[in-house]
Structure formats: C-alpha cells, structure tokens
There are 4 protein chains.
Amino acid sequence: MYNLLKGKKGIIFGALDDKSMAWKVAEHAHAEGAKFTLSNTQVAIRYGTLDELAEKCNAEIIPADATSIEDIENVIKKSMEILGGKVDFILHSIGMSINVRKKRTYDDIDYGFMMKTLDISAISFHKVIKTAYQLDAMNEWGSIVGLSYIAAQRTLFRYNDMADAKAMLESIARSFGYIYGRDKKVRINTISQSPTLTTAGKGVKGIGDLLDFTERMSPLGNATADELAQYCITLFSDLTRKVTMQNLFHDGGFSNMGMSERAMHQYSKGIDD
Amino acid sequence: MYNLLKGKKGIIFGALDDKSMAWKVAEHAHAEGAKFTLSNTQVAIRYGTLDELAEKCNAEIIPADATSIEDIENVIKKSMEILGGKVDFILHSIGMSINVRKKRTYDDIDYGFMMKTLDISAISFHKVIKTAYQLDAMNEWGSIVGLSYIAAQRTLFRYNDMADAKAMLESIARSFGYIYGRDKKVRINTISQSPTLTTAGKGVKGIGDLLDFTERMSPLGNATADELAQYCITLFSDLTRKVTMQNLFHDGGFSNMGMSERAMHQYSKGIDD
Amino acid sequence: MYNLLKGKKGIIFGALDDKSMAWKVAEHAHAEGAKFTLSNTQVAIRYGTLDELAEKCNAEIIPADATSIEDIENVIKKSMEILGGKVDFILHSIGMSINVRKKRTYDDIDYGFMMKTLDISAISFHKVIKTAYQLDAMNEWGSIVGLSYIAAQRTLFRYNDMADAKAMLESIARSFGYIYGRDKKVRINTISQSPTLTTAGKGVKGIGDLLDFTERMSPLGNATADELAQYCITLFSDLTRKVTMQNLFHDGGFSNMGMSERAMHQYSKGIDD
Amino acid sequence: MYNLLKGKKGIIFGALDDKSMAWKVAEHAHAEGAKFTLSNTQVAIRYGTLDELAEKCNAEIIPADATSIEDIENVIKKSMEILGGKVDFILHSIGMSINVRKKRTYDDIDYGFMMKTLDISAISFHKVIKTAYQLDAMNEWGSIVGLSYIAAQRTLFRYNDMADAKAMLESIARSFGYIYGRDKKVRINTISQSPTLTTAGKGVKGIGDLLDFTERMSPLGNATADELAQYCITLFSDLTRKVTMQNLFHDGGFSNMGMSERAMHQYSKGIDD
C-alpha cells in the first residue's frame, strides 16, 4: 500500500493456490501497483485455483513448462505484449523432486529423477534468466528473485536432492547475477525462506515437528508466506538497486541461531522422560 | 516518497556532514515520513554541519559520547520525550580507530587504542541496544541497523583493528538480536556497505585505487551513500519484519565476486608493462 | 614419509599425467604406505601417462566412465578384490565442462552440455559415494574427498557452468556426508584448492594473469598440486576423523583476503599508466 | 606415533588438567616427537595439575598472564632458550568470561567484565602472535592455532559475551594471518570444536542437554578433546602448509547440519507428551 511498484511490470512463476508463496507475492505486488502476468504448468493450473488470482490481480495466465525454452520464450514475449514493454521483475517459485515424491531416499536416488529435480528446480531458473537476457526483456535496474531454503547450506534429513538443487539455484543467481548486472544492471537474488506450509509442503512427513523446532529456535518465529511476499516487494522496488548475487535469509533469525532457550527446553522435555 | 516510514520514530547516530551515510539515511527517513532525533559527539557536532541536517529534517540534536551509558540513556530518554513515545528504529553509524589515525600498524598495535576502537566501533552498539532494551524504549517490530564492512570477513591491508571491531559488531547484532527478538520482537541487522567516500574515508591512503578495484569487480558498481540510505529505509519499514541477526551485503555484488572481466583487464595492464 | 596411511586401501579417480592433482595424491599416498587402485576414462588413459604412475605406485588401473553406475561398480568391486577388502579412502578429482570447451558463454549455454557438466563434475561424486555405500565397500572411519574451487562461492568470469557444478559437488558432500557418517562413520569433505596449472587448467585463456593475482593476494602464495596432495593425506589419515561435511580451503589464505598490499600495488600500476 | 612433529618446537598455552584440550594437544604433540613449553596463569597452575603433564612430556612450565605483554615476552624468550631456537607451533587455548561466571546476562552485561572477556579470550591471541612476530620467534612455515566455537557464527543462549570474543578471535586469525604469512610464511588458523566437557565446561548449566543435542545432530557424534588434539597435530605438521586464515570446524559435521533424524526424533518426544 505504498505504491512501491507503481508503473512496474513483472512475471510471476509458480502460484498454485492461496497457500503458495508466489500467490502472496502476486497479491502484494498488485496492491503495490504492479502489473504482471502469471505462469505455471498446465497441470498446476488445472489442479489449483490460479484463475481466481488472475481475476483478483487483473493478470493474464500464460501456461508454461519451465523446463522448456520454447514455453519460457512464449511467456516472456507474450508478457511484453500484454504489459506493453519490458518487464521490471520476475519471481521464480518453482521446485519439485520426484525422488522425494516417490520416496527414493538420497542414498538410493534415481538419477533420472535427480536430473528432473535439477531441471525443474534449478536449471529452469537459468532458462528463465537466459531467455529474458537474450530477448533483452528487462528494463535496467530490473530485479529477479528465486526462492531457496537453508538446506542449500545445511543438511536436513529427507530434504533429499532438493538440497543440491537449492545449492545450484543459489549458484545460478551468483553466476548470472554477475553477467546480467554487468551488461544490463539487472539484479538477481534468492530468498532463503523459513519452512512454510504450502500445499506442496503439507505433504512432507514430519513437517509439523520441524516447524515447531524452527519456530522455537527463531527469535521472531517462522516467517509466513505473507511476510515473504512483503520482503519480496522490497527486492523488486527501486530501494534495493545495489543488492545482487545474494542469498537473503528471511527466517526470523533461524539461520544464525545455534540454540535458543525455548527450543532447548522443548528438547530437554524429551530427554527427561 | 512512499510514506514507508509514516508515523515511525527513530534515532540516528553518527551523521557528520552531507557525505555521511547517516546523513543520507536521515534525509531519506525524513522524506519517507519518519520523525527522529540526531546524535553525535560534541566534537563532531562542532566540526561538522549537523545543524543544517537538523533544520532540514526538523530534528533535534542530542549530543552524546556513544561509549558513555549515561549519555546514551540521555539520548534515548530525551528522544522519547521529544518524539512522544517509544521509537521504531535506530541507526548506529559509528566507528573509529586511533591505531589507524596514528598509523600504528596491526603488527605493532597499541592495545589501549585497540580497546578504544572496540569501545567506539563495536561495544557502543551493544550499549545503545542494551539501553534501549532496559528502558523498554522500542515498539514491537522495531528495527536496529549497524553499518559494517566486508573486512569483517576478509582481510584488507591497512584496515587494521577496524576489521576485528566490525567482526565483533556483527556478532553483537546476532547475540542481542536473539534476545531482543525473543523478548520484544525487535530486529537487529548490520549492512555491509561498499567502501564509501565519506569525510572519514577520504583520509585513507590508497582509497581511490581500492574503489577503482571494487567498482570494476562489482557488476552493479559500488553502492553509494544515497543507495545505502534507500536500502536502510526498507530495513526500517514494516516490509522486512522477519529479517534479523543478518549481515546484509549492499555492495553491487562485490562480496560474491571472485574475479570480473573488467577488474582482471585492469590488473593485467599492470602486468603487461 | 610418516606412514600415515600404512595399511590403508583406497581408490583414486582422475589422474591423467604428472601435472594432475590426483597424480600427486597417488604419489604421496604411496609414500605414506597406502595401497590403492587408479581409475580414469579410457580416453584419458590413452591420452595421458597413467601407466607410468601405476608402475611407480604398484597400482592397478581400472578404466571407468564416472557417469556410469556399472563402471563405478566395477571399479569398486575390482578394487576390493585387488586390495583384499574394504577401502579406507576415495579421491574424486573429476570435472569437465563442454560449454567451456566449446566456448559457449554462460549466457548462451547449451543445456545438454550443462547436464553433461553436472553429470561428470558433480553427480559422478554422488554415484561413486552411493555405489560404495550400497556395496558397503568402505571401512568405518573411511574418508572420501572431492576437489572443489572457490567458484562455488564467488563468481569468476569464464568459469561458466563449472561454478554451478562445484556448488553442487560441495552440497553432495554435505548431503551424503550426513548419511554415510550416521550409518558407517565415513566422512566426506571437499578441498577448495588454489587455481592450479594442470594440463586441463593450462588451456584456460587468461589463467596466467589470474594466477598472478591469486599469488599476490594469498599471504602464503598459491597452493601447489604437491601441497594439495599433502593436505589430502591428512584428510585420509586417522587424525581427522571428526572432520566431515566441510569444504576446506587450501589456498594460501586467498579465500579470506579482501585485498593485499602486493595485489593492490600491481593493480595500481595498471591505473597509473 | 607418526613422528609428525619430530624436531619441532612449540609453546602450548592453556592446559589446566587432564580434561583440558590443551593437555591432550600436549600429550599428542609429545607422542609425535615435539619439544615444547607449557604456560598458564599462576592461579591455574596451583588449581590444576600441570606439573604432572610437564613431567610426562618433559616440558618446562612458564607461568604467564596472557593479557600481559611482559609475561608473554618472558614465555617466548624463555621458550627459545629452553628449546634452543625459534619455535614451530603455538597453541592458544585461553578463554574466560566473568559475565558468565557472575551470571550477568548478555542484556545486563558489565562492560568492565566484557573488556576483560575480550582481553583474556581474544586480544591475548593478538598479544601472543604480535610478540612472537616482533621477537621473530617462529621458524618459516610455523603454525599458530587458536580454539574457537560455533557461537562465533550462531547464537547459543547463555554463551554470552564469549560469542563476541570468539568472533573477534577468528577475525584476529585472519587479520594477523595475512601479515605473518606474507612476512614470515607463518600460518594462523582457529579450530571450531564441538562443545567439550572440560573442567571449565562442566560448570555451564544445561551443558548436558546441549551435548545430547549436538551428539544426535552430528553424523559422527561430538568430537572429543583427544580427537581435537589429533586434528591439531595435522595443523602443526608440514602437511598443511598452505592452510591459513581459516576457521576449521572439528565437530562431527554439526556445523553443516540443519536437522538430523535422531535429533528430530528426540525433540518430537518432548512434543508428543
């Protein structure tokens, strides 16, 4: 409600339903005055409720498989047509591991699935950026954001090959951030968000206990999808023009906690029994 | 110009003249609707042009030696009186090394001076936070920012004991960030800014060549004091409520660069001679 | 010459000729009393001089394409036969980017080549570890080492998709380090080595000037392949049993330098012209 | 038992009794063929059992307050006399917080005590290094090690101002590591060790539960003082000559764990009640 994105145009990848982080980003971007298009796979569009968001935000939906260069080109070209020119921001909120879905543990991974995990969750980020770069589709001082998770730095059991994909995603932000910054003043960052109960996240076994732990560890508690969206707005705005190639923790302080009194207390209860 | 800080109250430590980072932060905070007080030492107030800033921003000046708990208490109490209640943000832009000034190299440091460096440049941050905490002087979801430099992570010749002070400053942000976040939802972060030509910085020998290097290394170039101020505003705003205990690089990408083509080219010119 | 690896058995992947880091590791491992097998691709064996090393170290060569599970299984099973039991250490010194070779820049990468880069340079590490794990081929307190480079953390122009591959390699060390440590007490680490003039490295354009820069930046100068081998021995030895999931910089201090006097001096010469 | 330190001379600061990390380092250094002196404060010498260690290792004790330049000079000069020349390694295992002892919490710290914490736990490291440097008391390729803790990076409740001291200690290793490496090829590193039940550590309230947590989080379990000593030997040896300015985690993998299955299981037991 500050008009922080007034006059700005963007593309938001990855909203499924109103639990999605991309959904919240779209709502906040709309409220801040931005115009944008929405993209997700055909399957996700059918399965989710993206139409509802599109209507609310007066945004068009352009279906795409984010591993397909042709589809991405179509999204970017159409977006420029619809929005009337180059874009100022892109959100990449895309990730999926078939190994996780099929319960293939990391020590018994299927390498075909792993390639798919990397393609969907990390290389698609490169593909989106490269396509925008080659089509010269972004205005100077534009901003690209990908969503990451602390598993890129620290191992969490069951997070599986998504950890490697997130490490690669953050690396792509650095590698392409150098080139796109140098050539077109476009910045590229990732936000490392608290574990968040999206529709995808809900399916993960034991996610409730992990959220309890991170909530008690973080002095400000877990960051919600709504808060993530607000933070994202600052990164799309003109106020953060010299922040690039960074992985930014948005997690209530979790990443820099070794042990909190609250979490230790809860842990000790299990010991005392 | 977004009313991002409308209704917010703050205290800004460390503005000297219109080259100061704190000066720019004050100007932008004023433009964004904040009310605040200004503080610096008596000497700095005489030497600089703080009156001019105070008038421009309609702010009162409260002199203080930031190593003195009494002085800090006075600043915080008076600020609450003047501003009519608890504050929402504090900027700490304070740092000085007598070893640097007196040209005592790091291998021949004076330990009395080093204690002074730590007291002025790092412990003063703790003192300001502790005093605000004990006086319960900050509103929930308030924001405290200290200014740091990459010397906290990587050694730069001649930066001397300021490197150790900055490492400690960032540690204090984490240590107290946990407590203040847990108890009062106040967040504490440091911004690690590009080398900046402030009045203090100008005196550093060879600073010009270092700036040339960091400019060519950073895909977006060095961040200016003006840009730092804009970034700071986002951290004082309500849009970054779950970011705490972080050291945030605001440096055009420098921190994550190993070598750029431009900097390598310049470096090679020296070799080819 | 300390008998640090007396009685230990291992597998060394990736030696080509006497400039190779893996070659030096083999020589030092031999001198320290280890028995091991050597592996590389058929092409590399023909192109290089691995026979010479094998003779010197009394080691058998087992050809393998490190992207092939069947080949890796063969290497590990044969190694156990030849060496008479489980192995204690594995060195993974494998990496290659067709994008770099074909001069496809990072902003115009071929994604088929990128998949190949990842498969050869990162996923092969997972495949080697997984195969050893599933065959239960390592003794307790065994040690696995992969070779990395600072490009995993900081962007260097022209390093291209190898940066992303190295980021993923280090992630795999963490992800599998957790599992293999928990289940079998095997540790997994990566060494981030100074840029080194191997036969592969020599082909990189401008490598000479980069080495000049890193030499002057590092207080102890660049680490050589010989020194890398010595360091590697300590990680294979019983003296580092509780070091795991780490990326260890072996670079004369480069990684924690912001600017040295020597490098700045050289850089300034280019400016002064 | 490898003669890794044969012919090497050193100084070991901070052994109190057979629970001390410095004590274990002394035992292992002795076993590896080193000659060295031992130093601690007069009080510690009376309170502990250093005589026993001295006898075992055939080492002389030189009492010193590590905050006193005169005392440190005396230790280094006497050590050179006793050992017959320059030294090759120094261990700094010194740390203490009066705020912790007096139960002054971090938000109500006594600043005089804090200065004492910094002087004893961090600046003493600088003083030892500076004195050795100025007396030219170390051989080329010598090695200096300080002991640190992950609190330097991540906040642990009750660790108090020791966190800031450890952050500063690690910074000093970098700052002086640059100078001593450049000028005399001496390397300086810190080891970040698992929480360890030394006589000092035992007094910390709740340390048992924290150790249970870190034990379950770390795939290899907590590192013991004995294992720390072995690791330390590798850093004193000639096999790690190009490792400098680093903080090296020796913690069974803890530092790179986000959550292990074992720790989560234990934590969940507390929730389920």
Side-chain angles (χ1 to χ4, degrees), chain B residues 67-69 99 104-112 114-119 122-127 129-134 136 151-184 188 244-245 247, chain D residues 67-69 99 104-112 114-119 122-127 129-134 136 151-184 188 244-245 247:
Chain B
T67 65
S68 152
I69 287 285
N99 280 303
R104 297 287 301 249
T105 57
Y106 191 74
D107 49 61
D108 190 35
I109 230 165
D110 177 279
Y111 291 105
M114 191 189 212
M115 282 294 191
K116 214 75 190 110
T117 300
L118 295 176
D119 202 10
I123 297 172
S124 69
F125 194 47
H126 190 287
K127 287 177 178 170
I129 301 169
K130 181 188 120 168
T131 306
Y133 178 87
Q134 293 199 339
D136 195 14
Q153 284 79 36
R154 300 184 208 155
T155 302
L156 291 106
F157 75 104
R158 289 211 199 108
Y159 200 70
N160 214 312
D161 56 354
M162 278 303 289
D164 304 332
K166 289 302 191 192
M168 197 181 159
L169 181 87
E170 296 180 10
S171 178
I172 289 169
R174 291 187 294 271
S175 298
F176 225 134
Y178 161 58
I179 292 172
Y180 219 157
R182 179 193 68 192
D183 293 350
K184 301 281 177 177
I188 307 179
T244 194
M245 302 172 69
N247 179 51
Chain D
T67 65
S68 153
I69 287 285
N99 280 304
R104 297 288 300 249
T105 57
Y106 192 73
D107 48 59
D108 190 34
I109 229 166
D110 178 279
Y111 291 104
M114 190 190 214
M115 282 294 191
K116 214 73 191 112
T117 300
L118 296 176
D119 202 10
I123 297 173
S124 68
F125 193 46
H126 190 287
K127 287 177 178 170
I129 300 169
K130 181 189 120 168
T131 306
Y133 177 87
Q134 292 198 340
D136 196 13
Q153 285 78 37
R154 300 186 207 154
T155 302
L156 293 107
F157 75 103
R158 288 209 201 110
Y159 200 70
N160 214 313
D161 56 355
M162 278 304 289
D164 305 331
K166 290 301 192 192
M168 197 181 159
L169 181 87
E170 296 180 11
S171 177
I172 289 169
R174 290 188 294 270
S175 298
F176 225 134
Y178 161 57
I179 292 173
Y180 219 156
R182 179 194 67 191
D183 293 349
K184 300 281 176 179
I188 307 178
T244 194
M245 303 172 68
N247 179 51

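Below, chain A is the first sequence line, B the second, and so on; all start at residue 1. Computed from a prediction, not measured in an experiment: that's the story for all the values here.
Among the candidates D/Met168, D/Arg174, D/Lys166, the residue making the largest number of heavy-atom pairs closer than 4.5 Å to chain B is D/Arg174. Contacts with chain B were tallied for D/Ser175, D/Ala152, D/Ala165, D/Ala122; D/Ser175 has the most, counting heavy-atom pairs under 4.5 Å. Of the listed residues (D/Phe176, D/Phe157, D/Tyr111), the one with the most heavy-atom contacts under 4.5 Å to chain B is D/Tyr111. Taking D/Tyr159, D/Tyr133, D/Tyr106 one by one and counting their heavy-atom pairs under 4.5 Å with chain B, the maximum is reached by D/Tyr106. Highest contact tally toward chain B, considering only D/Arg182, D/Arg154, D/Met115, D/Glu170, is held by D/Met115 [criterion: heavy-atom pairs under 4.5 Å].
Residues D/Ile179 and B/Thr105 fail the side-chain proximity criterion, which asks for heavy atoms closer than 4.5 Å.
Contacts between D/Leu156 and chain B at a heavy-atom distance below 4.5 Å are absent for every atom of the residue. Residue D/Asp161 does not touch chain B at all, counting heavy-atom pairs closer than 4.5 Å. In this structure, chain D has a heavy atom under 4.5 Å from the side chain of B/Ile69, while its backbone stays farther away.
For B/Asp107 and D/Gln134, the side-chain atoms include no donor-acceptor pair closer than 3.5 Å.
A distance of 11.5 Å separates OG1 in D/Thr155 from CD1 in B/Ile172, rounded to the nearest 0.5 Å. For the atom pair B/Lys130 NZ and D/Ile109 CD1, the distance stands at 8.0 Å (nearest 0.5 Å).
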